[in-house]
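The block underneath contains the structure these notes are about, expressed in structure tokens.
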Amino acid sequence: MCGIVCYIGKKPEKILIEKLKRLEYRGYDSAGIAVKSDKGFDIFKAKGEIKNLESKVKEIDNSYLGIGHTRWATHGKPDEANAHPHISTDKKWVIVHNGIIENYSSLRDKLIGFGYEFYSETDTEIIAKLLQYYDNGNALETIRQTISVLKGSFALGIMKQDVDGIFFAKSKSPLFISKNEENVMVASDIICFKNFGDTFYQLSDGVFGFASSKKIEFYDKFGSVNIKEEKLDLNEMDDENKYEHFMLKEIYETKPAIKNISEFYSKQRLLEIFENLNVKNIRKIKLVGCGTAYHAALMGADMIEKATDIDCEVVVASEFRYSEPRIGEDTIVILISQSGETADTLAAFELAKQKGAITIGIINIEYSALAKKVDYLLPIKAGVEVAVASTKAYSAQLLVLYLLSQALGNKVKNSEIDLSTVKTLINDFDYGTTKELQDLAEYLRYNDKLFMIGRGKDYFTALEASLKIKETSYINSDTYYAGELKHGFLALIEEDTFVIVFATDKKLIDKTISNAEEARARGAKIILFTPFDIDKGITDKFFKVFKVKKTDDRLQCIENITMWQLIAYYISVNKGINPDKPRNLAKSVTVE
Ligand code: F6R
């Protein structure tokens with residue numbers, strides 16, 4: 001969600017465009033760059049894709065630094081006036097901003113009172129104006145004063161007319177710096193540093209500073225600070241793609257991710273990670289996440305409750321803070337996040353910590369803010385996920401949650417850690433038959449609504465399958481517990497309504513099929529999704545019985561979802577939608 005990249009070096013206009021393309025995955029609806037040369041600033045902005053910006057950008061003689069931005073609209077529509085960079089009235093300060101300034105309205109009123117005029121609807125423009133307002137000739141001091149009045153989140157890249165370098169500041173939005181000889185790059189994601197630097201600095205909240213071709217300086221409100229230089233791990237950054245879309249590539253990276261996880265987490269490692277965890281006093285476990293990560297949490301709660309006999313509750317991260325959760329030292333809070341930068345999940349973490357709970361993070365991006373803060377980090381080892389719709393990361397989260405359930409079960413009940421299931425999953429793993437998945441996608445694409453039903457964990461799988469279809473195909477796909485049909489939902493069934501029935505648990509299959517029959521009797525077309533052989537008498541009545549490979553019950557959920565990710569992908573492509581960048585969505589949701 002919004003991305004910034006700043007560059008010190010020759011031809012910044014070319015480098016900034018190239019690097020902004022690497023930030024596209026975060027989601028955006030306009031983009032812009034500002035470039036400094038010996039003639040001053042040149043600013044280019046465009047609505048829509050980076051290629052629109054690229055076609056506007058001209059080569060600039062003797063350009064040597066610049067700042068760039070992809071904007072995901074929050075305050076004001078996605079147009080050129082609102083696109084970043086923003087500039088002060090005296091044209092001395094130019095800035096790009098990722099985050100949200102929560103007190104922007106009162107600051108704006110104050111500045112209007114001082115005679116400032118605004119040309120955009122953004123919260124960011126007030127920062128450019130504040131820099132002018134506080135300007136006392138000392139740029140770092142001006143920046144310190146400006147950020148001290150901002151409430152909310154920000155990662156800032158700033159250029160000043162009379163200074164040859166880039167200023168930066170960070171609070172609650174990610175920001176990294178890398179250098180390569182005399183060239184410097186400041187960016188929202190280290191993915192920009194690929195083929196650039198070997199090391200990077202990760203800024204903490206409250207840090208600001210200055211970078212030039214000669215030096216990088218870091219400060220906080222008390223004075224100068226040191227930041228450790230970290231090694232860039234290029235293996236984590238495979239964002240090249242030979243498939244037609246990243247979503248397809250990433251679905252097919254599920255099996256490699258499962259293998260990575262199984263290589264990384266041996267029985268010994270699981271025991272070591274939790275060696276110092278005192279579980280005697282633990283009375284409850286809360287699992288927190290947003291969207292797909294929330295669905296993983298639902299599945300994880302089931303696994304952990306069964307393995308530990310400790311009560312588990314799942315809370316959507318955006319609700320956690322406001323639900324006044326009764327948590328304390330007797331609670332483990334498990335935070336699940338692919339990006340590790342989701343604002344609501346980070347806020348849930350802060351509250352959990354404040355209340356003394358033990359925190360465990362199930363996270364993909366190991367250099368993310370959340371990964372650095374949790375008491376126990378369980379990386380999901382899925383590799384870079386670029387497509388907005390999460391696929392392999394969800395499956396990896398499920399597997400790591402299973403391993404966590406085993407590790408906690410071992411601590412609480414002294415039970416054996418069972419890793420044989422993972423081996424079975426690897427051996428069994430099957431992506432299904434492409435033709436069959438494509439045919440089903442072709443049937444489903446013409447519907448403007450779909451229903452999915454299931455019981456127990458199948459309901460959770462249906463929730464995630466439904467989210468994937470909604471996100472990438474814009475079909476209104478709705479999910480219900482199968483047993484809830486008669487309590488209201490049946491009223492929605494009309495002749496030929498598609499109802500997809502998830503029935504992958506042997507104990508529940510007969511009951512679920514009875515519910516499917518109830519829907520069919522009212523005109524629904526039933527697609528039954530199951531690993532089991534079904535009597536011909538039943539299958540003949542259904543539109544389709546769609547088989548999934550059977551694996552160990554505890555990990556069947558991974559096998560199940562992969563096929564629905566592929567179906568969602570094919571529906572999207574068949575409808576002519578780019579599945580990697582669904583409308584209105586961002587990959588990394590860094591605002592509340
Ligand atoms: C859906 C999807 C989102 C994310 C959610 C949380 O495909 O990707 O629902 O799961 O925004 O993001 P993370 O996991 O980065 O915290």
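Note that these values count all heavy atoms, side chains included, but never hydrogens, waters or copies made by symmetry. Read the numbers this way: they start at 1 and go in the same order the structure lists the ligands and their atoms.
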| Is the NZ or CZ atom of Arg583 positioned over Tyr474's six-membered ring, under 6.0 angstrom from the centre and within 45° of the axis? | yes
| request: Using heavy-atom distances, let me know which of Thr292, Val388, Asp344 sits nearest atom 3 (C) of ligand 1. | output: Thr292
| Do the two ring centres, one from His245 and one from Tyr569, sit under 6.0 Å apart? | yes
| request: Provide, to 0.1 Å, the distance between atom 6 (C) of ligand 1 and the closest protein heavy atom, together with that atom's residue and name. | output: Cys290 O, 3.3 Å
| request: May I have the step-by-step check of salt bridge (charged side-chain N to carboxylate O under 4.0 Å, His left out) for Glu253 and Lys392, ending in yes or no? | output: CA-CA 6 Å; Glu253 283 173 348; Lys392 63 174 176 175; 2.6 Å; yes
| said: Could you check whether Tyr376 and Phe274 have their ring centres less than 6.0 Å apart? | reply: yes
| task | Look only at the side chain of Asp478 and the backbone of Phe451, and say whether a donor-acceptor pair between them is shorter than 3.5 Å. | result | no
| said: Test of understanding: given a 4.0 Å heavy-atom threshold, classify the contact between Lys587 and ligand 1 as side chain, backbone, both, or neither. | reply: neither
| Which of the numbered atoms in ligand 1 are below 4.0 angstrom from a heavy atom of Ser339? | 13 (P), 15 (O), 16 (O)
| Test of ring centre spacing under 6.0 Å for Tyr201 and Phe176 | no
| field | Atom indices of ligand 1, in the order listed, that fall short of 4.0 Å to a heavy atom of Glu471 | value | 1 (C), 2 (C), 7 (O)
| request: Considering the heavy atoms of Ser390, write down every atom of ligand 1 situated less than 4.0 Å from one of them. | output: 7 (O), 8 (O)
| Counting each atom of ligand 1 from 1 as listed, which ones have a heavy atom of Gln338 under 4.0 Å away? | 13 (P), 14 (O), 15 (O), 16 (O)
| Is the closest N or O pair between Ser337 and ligand 1 shorter than 3.5 Å? | yes
| field | Top protein contact for atom 11 (O) of ligand 1, by heavy-atom distance | value | Val589 CG2, 4.0 Å
| Hey, does the Lys NZ or Arg CZ of Lys381 hover above the aromatic six-ring of Phe264, less than 6.0 Å from the centre and inside 45° of the axis? | yes
| query | For the side chain of Asp580 and the backbone of Met247, is there at least one donor-acceptor N/O pair under 3.5 Å apart? | reply | yes
| said: Among Gln438, Glu442, Arg445, which residue satisfies the side-chain hydrogen bond (donor to acceptor under 3.5 Å, both in side chains) criterion with Asn574? | reply: Glu442
| request: Would you mind listing which atoms of ligand 1 come within a distance below 4.0 Å of any non-hydrogen atom of Ala293? | output: 10 (O), 14 (O)
| remark: min-distance protein heavy atom vs atom 12 (O) of ligand 1 -> Thr342 OG1, 3.5 Å
| Atom indices of ligand 1 within 4.0 angstrom of Gly291 heavy atoms, with elements | 9 (O)
| message | For ligand 1 and Lys468, I'd like to know whether there is a polar contact (N/O to N/O, distance under 3.5 Å). | response | yes
